[in-house]
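All values reported here derive from a predicted model rather than from experimental measurement. Lettering follows sequence order; numbering is per chain, from 1. No hydrogens, no waters, no symmetry mates; every other heavy atom, side chains included, goes into these values.
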Number of protein chains: 2
Amino acid sequence: MGKGLETRERILAIAEMSVLAKGFGATSIDEVIAEAGLTKSGFFYHFKDKNELARAMLLRYVAANDRVFDDVFGRGRQLSDDPLQAFLIGLKLLAEVMADLPNGHPGCLIASVCYQERMFDREVRAIAASSVQGWNARFRATLDEIARLHPPREAVDLDTVADMMSCIVDGGIIMSKLMADPRRLEHQVLAFRSFVKMLFGPAAAVRPVQPATA
Amino acid sequence: MGKGLETRERILAIAEMSVLAKGFGATSIDEVIAEAGLTKSGFFYHFKDKNELARAMLLRYVAANDRVFDDVFGRGRQLSDDPLQAFLIGLKLLAEVMADLPNGHPGCLIASVCYQERMFDREVRAIAASSVQGWNARFRATLDEIARLHPPREAVDLDTVADMMSCIVDGGIIMSKLMADPRRLEHQVLAFRSFVKMLFGPAAAVRPVQPATA
DNA sequence: CAAAAACCGTACCTCGGGTACAGCGTTTCG
DNA sequence: CGAAACGCTGTACCCGAGGTACGGTTTTTG
């Protein structure tokens, strides 16, 4: 890595921590460059403005997130040939990853962009939207595969279920941060797992007590 | 309503629209007072700083939200004696309310505070946290009532299910805004409804043969 | 009618984003 | 080896937005 890219990466890492901790608006350039050990001119050499910083941070964040998803769901597929079981294993692993973060999940840059602290330009929002769309498409494909083998118990649109995954994670992050309780995110992922399990799982699920009449 | 309170309310309404549309940081006081037809001095007469504005906006938002919840779930209880059916009806009504908003849900101020655009003081965050806690407690009570009559199919913590409601709504709002598709929020609420239905519903649920089509 | 409430106007300060350049040491490449 | 490109530093300056200070004015209301 060239010296330029190295500095750039350092700026991005510092900025991301600050943004997730305090928000984009509350993250001042002065503060970032102080920690990165360079001057304002140096900063603007790498990023022409704060928008470009946001854009670069988003791309970095999305790539890191993709790696996590690839990892957990890839390992799920290694551990079971059945797509449903593989997905359930992946979700369990994902919940574990979320729980293992020492200070809770740092937050979701996507949501941060969505609840725009300052006005981001169209490109930034487009990046956020398209990456979420990518995740949804990925989960949708998995769900299709599952549904082929395990017909769903309820008539739910699979696109919506795929969306639900992102919603739960984003919502769970907000809840965790708000309540200062990192475990809430883990629980939400596991609750989504229960949903998937019930939706596609065998009808002969254990039912502790006798069925009640509606 | 005295003239002072009237102006205050006007400021809050204008500010809320702006904040939900552009974020708190991007909402300038100058802009708000221009639309409200008063001067800077007038603004600072009502709110000593932007933090106090945020605090007041939050309280207003929470109260409005409470009214919506009271309404839909109250109507649900009127329409069915069974707590599960009442809750399911309430969720359906909630989804309808979400869908009927002309420009999509304006956004969640709670999440906006969480992804703090500027540094809010402790009191603002405390208000946000305690109101979410209030909602969770409310849903938890409802779920307890349901579980007493309809034993859950899966061993899921009811606190987590109660949390899930808030997570789904917040996540759904983010998704809707990001994708510029208001219907996504409605779908998420209905998906959560399916979850509740499967969790507490009769085991003899209809099982469609073919997988859902896109 | 008088006091309190609800403002207006002006002036001024600070901080953060951002621009404009001029220059300087290091790397790279013909 | 020399020139160009890269990766910065330093200074100076502009602007908008939050915020303070304070005196004056109108409007409400008891």
Would you check if B:Asn51 and B:Val124 make a side-chain contact, meaning some heavy-atom pair closer than 4.5 Å? yes
- [ ] Measure up the A:Phe73 and A:Phe87 rings against each other and bin them: parallel (under 30°), tilted (30 to 60°), perpendicular (over 60°).
- [x]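 Because their plane-to-plane angle is under 30°, the rings of A:Phe73 and A:Phe87 count as parallel.
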Among [options], the one nearest [X] by side-chain distance:
X       : options               : value
A:Asp30 : C:dG16, D:dC8, D:dT28 : C:dG16
A:Thr7  : D:dC8, C:dC7, C:dG17  : D:dC8
A:Ser28 : C:dG16, C:dA5, D:dT9  : C:dG16

Round to a whole Å and report the spacing from [atom1] of [X] to [atom2] of [N].
X       : N      : atom1 : atom2 : result
A:Ile33 : D:dG10 : CD1   : C1'   : 12 Å
B:Glu52 : D:dG19 : CD    : P     : 11 Å
B:Phe43 : D:dT20 : CZ    : C1'   : 14 Å
A:Ile11 : D:dC8  : CD1   : C1'   : 11 Å

Restricting to nitrogen or oxygen on both sides, can you table the protein-nucleotides 19-29 of chain C pairs closer than 3.5 Å?
none

Is the distance from OP1 or OP2 of [N] to the nearest side-chain N or O of [X] less than 4.0 Å?
X       : N      : result
B:Lys50 : D:dG18 : yes
B:His46 : C:dA5  : no
A:Tyr45 : D:dG7  : yes

request  = Check salt bridge (Lys or Arg N to Asp or Glu O under 4.0 Å) between B:Asp170 and all other residues, then give those that pass, not counting sequence neighbours.
outcome  =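 So B:Asp170 forms no salt bridge (Lys or Arg N to Asp or Glu O under 4.0 Å) with any residue.
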In B:His105, B:Met175, B:Lys177, the residue satisfying side-chain contact (heavy atoms from CB on, under 4.5 Å) with B:Arg184 is B:Met175
Regarding [X] and [Y], do their side chains bring together a donor and an acceptor under 3.5 Å, going by distance alone?
X        : Y        : answer
B:Asp66  : B:Trp135 : yes
B:Asp181 : B:Ser176 : no
B:His187 : A:Asp159 : no

- Task: Please work out if A:Gly4 contacts a base, only the sugar-phosphate, or nothing of the nucleic acid, heavy-atom cut-off 4.0 Å.
- Result: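 Since only primed, P, OP1 and OP2 atoms lie under 4.0 Å of A:Gly4, the category is sugar-phosphate.
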